[in-house]
Protein chains: 2
Amino acid sequence: MQKKRTTLKDIARATGVHVSTVSRALDPTERKSITPEVVAKIQAAAERLDYRPNRIAFGLRTNRTMTVGVVIPDITNPIFPPILRGIESVLEPLGYASIIVNTDSEREREVRLLEVLRDRGVDGLIHAAVLRSDPSIAKAAQDGLSVVTLNRRVENSNIPYVINDEDMGICEMLRHLTKLGHRRIAHLAGPQDLSTGQLRLAAFRNAAKRMSIDIDPQLIVTAMRFDEDEGARCTRELLASGNDFTAVLCANDRLALGCIDVLRENGLDCPSDISVSGFNDMPFLQLARPRLTTVRIQQYDAGITAASILLRLMNAGADDDIPLETVLPVELLERESTGPVAAQKR
Amino acid sequence: MQKKRTTLKDIARATGVHVSTVSRALDPTERKSITPEVVAKIQAAAERLDYRPNRIAFGLRTNRTMTVGVVIPDITNPIFPPILRGIESVLEPLGYASIIVNTDSEREREVRLLEVLRDRGVDGLIHAAVLRSDPSIAKAAQDGLSVVTLNRRVENSNIPYVINDEDMGICEMLRHLTKLGHRRIAHLAGPQDLSTGQLRLAAFRNAAKRMSIDIDPQLIVTAMRFDEDEGARCTRELLASGNDFTAVLCANDRLALGCIDVLRENGLDCPSDISVSGFNDMPFLQLARPRLTTVRIQQYDAGITAASILLRLMNAGADDDIPLETVLPVELLERESTGPVAAQKR
DNA sequence: CTGAAAGCGCTAACAC
DNA sequence: GTGTTAGCGCTTTCAG
């Protein structure tokens with residue numbers, strides 16, 4: 001059993017004042033209404049007895065747990081750890097702790113974990129795993145829970161969100177590929193029930209139109225998950241369809257890695273036969289060969305931004321001028337997986 | 001503001017019984033002392049009013065928060081996410097939430113975060129970032145907090161720990177290298193204030209002695225951190241010293257990756273000129289070329305094991321027969337970064 | 001300026 | 001079986 005800790009009552013007894021006086025003396029904002037000598041005496045006793053406020057009791061009384069929930073698809077996906085560090089870097093110094101949960105992109109799990117977090121009375125929520133239509137999180141927000149979504153957004157809601165400039169990223173990548181002479185460009189699209197997947201596909205179509213590039217609908221294949229296996233599957237499908245292409249613009253890095261593997265299996269070299277590009281510039285990507293041309297997103301900063309917005313949300317209530325949308329800039333990274341279109345294609 | 005939730009009192013009012021009756025009816029172990037009809041009525045009301053127990057109040061009353069702390073050096077190190085998922089897989093279904101904190105291997109931070117966790121009244125602690133001598137965690141354990149350490153252990157204490165079979169791993173790796181003909185084998189040792197670094201160096205020395213291999217003290221270089229930069233620095237030092245070697249056994253994968261880079265910079269190919277081995281088989285390692293020969297440790301299972309021990313610790317008190325030491329098996333993975341010693345060495 | 005008292009939501013003796 | 005009561009440690013009216 002835990003050794004019992006000193007409470008306000010203990011200090012009150014030691015100093016001969018009432019607990020409420022102790023409480024006030026220890027609260028920076030209430031302190032001013034107490035005689036300095038009394039404050040000093042109380043602080044000394046608190047120090048001596050190694051007093052540590054009981055956050056549980058505080059939470060019960062004030063309905064603030066100083067805890068936030070962080071919902072992500074899967075911590076083993078390496079783009080999330082930097083985001084979490086970013087969140088922690090702003091919340092932890094302010095006394096907040098975060099409870100991180102993994103949804104594995106399963107709606108059922110997401111709903112259940114959201115309940116768990118609400119049961120624990122989190123003061124706010126950073127949600128990086130919402131679906132485009134996500135009633136449970138919308139309801140939570142409506143019930144007054146402070147929530148901000150990260151990387152994704154829930155449509156038709158006024159939940160603030162922090163996303164990357166997907167449009168710009170896709171657009172610059174497409175321009176990069178066309179500069180290299182590519183015209184028949186395939187797209188491995190991400191899951192369309194996630195806003196990232198949907199936005200990047202839309203961005204691809206728009207950019208192509210703007211640049212007057214014909215996109216063969218046959219060259220757009222949609223992955224069911226953002227992982228290597230799906231990248232591989234989609235690439236096989238692409239090859240089996242018999243349509244010509246000289247480049248594959250993938251909706252994220254992991255799809256691209258799977259793609260390159262399958263191309264290699266089929267005797268196609270990247271980039272000399274086919275160019276492949278990714279998105280995210282995830283950690284450890286630099287280990288891969290060829291080094292992947294991709295779009296860097298700001299992972300750590302996304303965490304910082306989302307946490308900052310959540311803070312404003314939690315402290316201000318609903319009527320403040322919190323920005324609904326925050327778009328973080330992205331950066332094109334030209335590396336080795338893209339190159340000039342082969343003289344004789346395929 | 002949060003919409004107010006229904007409480008036991010609300011249910012009591014709705015059903016015309018006393019709150020304590022409601023409390024009992026909703027508690028599986030107390031339920032049997034209540035008339036079935038009353039239980040049914042109460043459960044129906046609870047359902048209808050969407051009752052969710054307030055864990056804060058529960059925690060204040062029972063002194064159990066159903067929360068555990070997890071202390072790790074840095075979540076961006078990819079060996080930790082699988083461990084966390086392992087922990088979560090046993091704790092979460094039982095209603096526990098975990099608060100994860102990163103120490104960045106800084107003692108000051110570790111001490112402060114430990115205090116934060118204790119202030120929050122965690123029921124137990126899984127600590128994967130202890131130092132070999134770690135008074136703060138020893139004190140916490142002595143004060144009655146349930147704690148188990150992971151990957152590392154604190155010496156001269158009776159804190160249960162879960163580690164990998166470092167001895168076996170190093171030994172098998174050394175045998176593997178000698179089979180390939182290597183005799184002049186360097187060791188990039190990990191930080192000696194971490195038990196992993198220290199154990200692996202000791203294992204290296206012991207194994208060499210057992211196999212009657214002379215180890216030149218000059219060929220042992222100690223890294224200050226377990227990362228690529230330190231692997232690179234140590235390798236430069238090794239090369240600069242002018243001592244001959246045909247293989248480098250590294251205390252972890254990241255040191256090995258840094259090592260291979262520097263060898264390449266110096267015109268030395270791995271494995272044809274020099275063999276290099278790692279330890280851990282961390283996620284995404286398979287992206288690296290040459291594919292690294294390494295020792296696989298059980299990351300997910302380590303999390304499961306530590307969490308299971310913590311559970312027993314929390315539920316049993318100090319007098320149960322909890323194993324002090326759990327050693328998880330490891331597995332040698334022969335891949336491409338090690339090969340037969342070159343005919344003409346270096 | 002400080003004390004008294006109430007109460008956050010829940011559990012756990014103790015009555016009856 | 002169920003109600004009564006007390007209280008976990010804290011904040012926050014309300015008096016004085």
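Below, chain A is the first sequence line, B the second, and so on; all start at residue 1.
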What pairs of nitrogen or oxygen atoms, one from the protein and one from nucleotides 13-15 of chain C, lie under 3.5 Å apart?
unit_1	atom_1	unit_2	atom_2	d
C:dA13	N6	B:Arg24	NH1	3.3

For the residue pair A:Ile83 and A:Ile72, establish whether any side-chain heavy-atom pair is separated by less than 4.5 Å.
no
To the nearest angstrom, the CE-C1' distance between A:Met66 and D:dC10 comes to 15 Å
On DNA chain C, check which nucleotide each of A:Val19 and A:Pro36 is closest to and give me the residue with the more 5' one.
A:Pro36
Name of the residue among B:Arg52, B:Arg55, B:Arg5 meeting salt bridge (Lys or Arg N to Asp or Glu O under 4.0 Å) with A:Glu115:
B:Arg52
Within the structure, does a side-chain N or O atom of A:His18 lie under 4.0 Å from either OP1 or OP2 of C:dT2?
no
Could you check whether any side-chain heavy atom of A:Thr7 comes within less than 4.5 Å of a side-chain heavy atom of A:Asn54, counting everything from C-beta outward?
no
Starting from P on D:dG1, measure out to NZ on B:Lys41 and report it in whole angstrom.
16 Å
Using the salt bridge (Lys or Arg N to Asp or Glu O under 4.0 Å) rule, take A:Glu110 and A:Arg152 through it: C-alpha gap first, then chi angles, then the decisive distance, then the call.
CA-CA 15 Å; A:Glu110 187 210 334; A:Arg152 309 179 181 178; over 6 Å; no
Derivation of the salt bridge (Lys or Arg N to Asp or Glu O under 4.0 Å) call for B:Arg112 and A:Glu92
CA-CA 11 Å; B:Arg112 194 172 54 73; A:Glu92 197 267 324; 2.9 Å; yes
Taken to the nearest whole Å, CG/B:Asn63 to P/C:dA12 is 12 Å
With a 4.5 Å cut-off on side-chain heavy atoms, are B:Gln298 and B:Ile304 touching?
no
B:Arg85 and B:Pro81, any side-chain heavy atoms less than 4.5 Å apart
no
Base, sugar-phosphate, or nothing: which does A:Thr35 touch, judged by heavy atoms less than 4.0 Å apart?
sugar-phosphate
Over how many whole Å does the gap from B:Leu8 atom CG to C:dG9 atom P extend?
10 Å
Trace of the salt bridge (Lys or Arg N to Asp or Glu O under 4.0 Å) decision for B:Asp27 with B:Arg24:
CA-CA 5 Å; B:Asp27 178 349; B:Arg24 285 190 273 253; over 6 Å; no
Please tabulate, one pair per line, each protein N/O and nucleotide N/O from nucleotides 6-8 of chain C that are separated by under 3.5 Å, including the distance.
unit_1	atom_1	unit_2	atom_2	d
C:dG7	N2	A:Arg61	NH1	3.1

